[in-house]
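Heads up: the structure comes next, in structure tokens.
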Amino acid sequence: MYHWGWKIIIYLFLGGLGAGAYLTSFAAQKGWLGENSKLGRAGYFLSGPCIVIGSLLLFLDLGIAFSDPLGVLRMFANITSVMTWGIYILSMFILVSFLSAYYTGKNRKVPAMLSLLGAILALGTGAYTGVLLAVVTSVPFWNTFLLPLLFVVSALSTGLAATALCAHFLENKGKQGGEQPSEAKTNKVHLVFLGLESILIMMLLAFALTGTKGTGAAASAHMLTSGSLALPFWLLVVAVGLVFPLVYYSVSAKERQRKLASFFNGLSTDFAVLIGGLTLRATIVLCAVRVF
């Protein structure tokens, strides 16, 4: 088994969520989630704190923050290291995220160049959470291009869910104009992300189970599908995090439910997506079998 634990798992989750939340508000302000979408602000407030907390957990797990504080500064000079690329991306994204939140808090539109830079850095942050695992060649199950793709899609999904969840409470309920079409558009986007995530998970497992990636990857996949991690994988990742939201968003995309029922169902579905996203990262990290 590999040695990474819950600090890394929570970092991977918060890093992806923060990136996805920023991209959600960026997309909403561009009008890509429907007119008068309620999601144009909450993501900017969420992204910075999520990335800061996740980054602190990453440094704490590395142990370098206490044993060699100057080592953190030296890491900035090692431009050939994936970890160094991540430090640059995270540092810049934290700055841009808080600047975007400042403009949003002042009820001012985030400058176009700043929000575009933030969107690019958010994509980099979401991809980096997967690349951090994918470059570990000693864990064959991680060492695939599918993992960064899966983590980016999951980041978009969890970020959209978290932003929608916060927007339920943050935004003025009196602003009803365009609410129905924007929600319908958002539900369709949810469906796309969840569908892509399901496909990528199946591909990741298929490549491992067929032996394409070797016995180590196959052992990791068996641990997820029928071994010690099968219960959280099938129950929390698949049933709660994928199937339940897919069914809800499919129904919601076709017919408008009663307002109160839609509100509570929406909340429960957003929570389900977050639970699935966290458990996905936990099971992928914990199933790692190291090959020497």
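Note that the structure is a prediction, hence the values are computed from the model and not measured.
- A continuous path of hydrophobic side-chain contacts links Phe93 to Leu57 [ILVMFWY only; heavy atoms under 4.5 Å].
- Put simply, the side chain of Val110 does not reach to within 4.5 Å of the side chain of Leu99, judged on heavy atoms.
- A distance-only check finds no donor-acceptor pair linking the side chain of Ser157 to the backbone of Leu194 [under 3.5 Å].
- One distance of note links CE of Met203 with CD1 of Ile201; it measures 12.0 Å at 0.5 Å rounding.
- Looking at Leu33 and Lys38, their side chains never come closer than 4.5 Å, going by heavy atoms from C-beta outward.
- Minimum heavy-atom separation, Leu205 to Ala221: CD2-CB, 4.1 Å.
- Summarising the geometry, atom OG belonging to Ser100 is positioned 8.5 Å from atom CD belonging to Gln29; distances are rounded to the nearest 0.5 Å.
- For the pair Leu286 and Met223, the tightest heavy-atom approach, listed with the atom from each and the gap, is O-SD, 4.1 Å.
- Put simply, OG on Ser154 and CG on Leu147 are 10.5 Å apart, with the number rounded to the nearest 0.5 Å.
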Dump the intermediate steps for side-chain contact (heavy atoms from CB on, under 4.5 Å) on Tyr11 and Ile53, then the final yes or no.
-> CA-CA 8 Å; Tyr11 156 69; Ile53 295 171; over 6 Å; no

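- Between Cys287 and Phe141, some side-chain heavy-atom pair lies under the 4.5 Å cut-off.
- To the nearest 0.5 Å, atom NZ of residue Lys30 and atom CZ of residue Phe26 are 4.5 Å apart.
- The same ILVMFWY cluster, assembled from side-chain heavy atoms under 4.5 Å apart, contains both Val153 and Leu242.
- Put simply, the side chain of Trp234 gets close to the backbone of Thr225: a donor and an acceptor are under 3.5 Å apart.
- Across every non-hydrogen atom of Ala21 and Leu46, the tightest pair is CB-CB, 4.1 Å.
- Formation of a donor-acceptor pair under 3.5 Å by the Thr210 side chain with backbone atoms of Phe207 is found in this model.
- Side chain of Thr212 to main chain of Ala208: no donor-acceptor pair is present (N/O by atom type, distance under 3.5 Å, no hydrogens or angles).
- Checking side-chain atoms of Arg281 against main-chain N and O of Ile10 turns up no donor-acceptor pair under 3.5 Å.
- Phe151 and Leu12 make their closest contact through CE2-CD1, 4.1 Å (heavy atoms, listed as atom of the first residue, atom of the second, distance).
- Using a 4.5 Å heavy-atom cutoff, the side chains of Thr186 and Leu39 are in contact.
- Connection of Leu17 to Leu165 is established within a shared hydrophobic cluster, with ILVMFWY side chains joined at heavy-atom distances below 4.5 Å, either directly or through further cluster members.
- Between the side chain of Lys213 and the main chain of Asn143, a donor-acceptor pair closer than 3.5 Å is present.
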Take Leu278 and Leu236 through the test side-chain contact (heavy atoms from CB on, under 4.5 Å) and record every step on the way to the result.
-> CA-CA 9 Å; Leu278 175 59; Leu236 299 180; over 6 Å; no

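- The main-chain N or O of Ala162 is never found under 3.5 Å from a side-chain atom of Asp270 such that the two would form a donor-acceptor pair.
- Closest approach of Leu23 to Ala122, counting heavy atoms only: CG-CB, 3.7 Å.
- Linking ILVMFWY side-chain heavy atoms closer than 4.5 Å, directly or via other members, places Leu229 and Val238 in a single hydrophobic cluster.
- Looking at Ser115, its side chain does come within 3.5 Å of a backbone N or O of Ala112 through a donor-acceptor pair.
- At least one side-chain heavy atom of Leu150 sits less than 4.5 Å from a side-chain heavy atom of Leu280.
- Two residues are said to be in side-chain contact when any heavy atoms from C-beta on lie closer than 4.5 Å; Phe45 and Ser25 fail this criterion.
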Going through the checks in order, is the side-chain contact (heavy atoms from CB on, under 4.5 Å) test met by Lys7 and Leu58?
-> CA-CA 6 Å; Lys7 292 188 185 72; Leu58 176 63; over 6 Å; no

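- A distance of 6.0 Å or more separates the ring centres of Tyr44 and Tyr103.
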Carefully, step by step, assess Phe233 and Thr279 under the rule side-chain contact (heavy atoms from CB on, under 4.5 Å).
-> CA-CA 7 Å; Phe233 176 74; Thr279 310; over 6 Å; no

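- Phe98 and Leu114 fall within a single hydrophobic cluster, where Ile, Leu, Val, Met, Phe, Trp and Tyr side chains are chained together by heavy-atom contacts under 4.5 Å.
- Here the CD1 atom belonging to Ile51 is positioned 13.0 Å from the CG atom belonging to Leu95, to the nearest 0.5 angstrom.
- Side-chain atoms of Val289 and Val139, non-hydrogen and from C-beta on, never get closer than 4.5 Å to each other.
- Looking only at distances, a side-chain donor or acceptor of Thr129 sits under 3.5 Å from a matching main-chain atom of Gly126.
- Between Ser55 and Ile94, the closest side-chain pair of non-hydrogen atoms falls below 4.5 Å.
- Note that CE of Met113 is 6.0 Å distant from CG of Leu116, once rounded to the nearest 0.5 Å.
- In this structure, Ser47 contributes its side chain and Tyr22 its backbone to no donor-acceptor pair below 3.5 Å.
- In terms of heavy-atom proximity, Ser198 sits nearest to Leu246 at OG-CD1, 4.1 Å.
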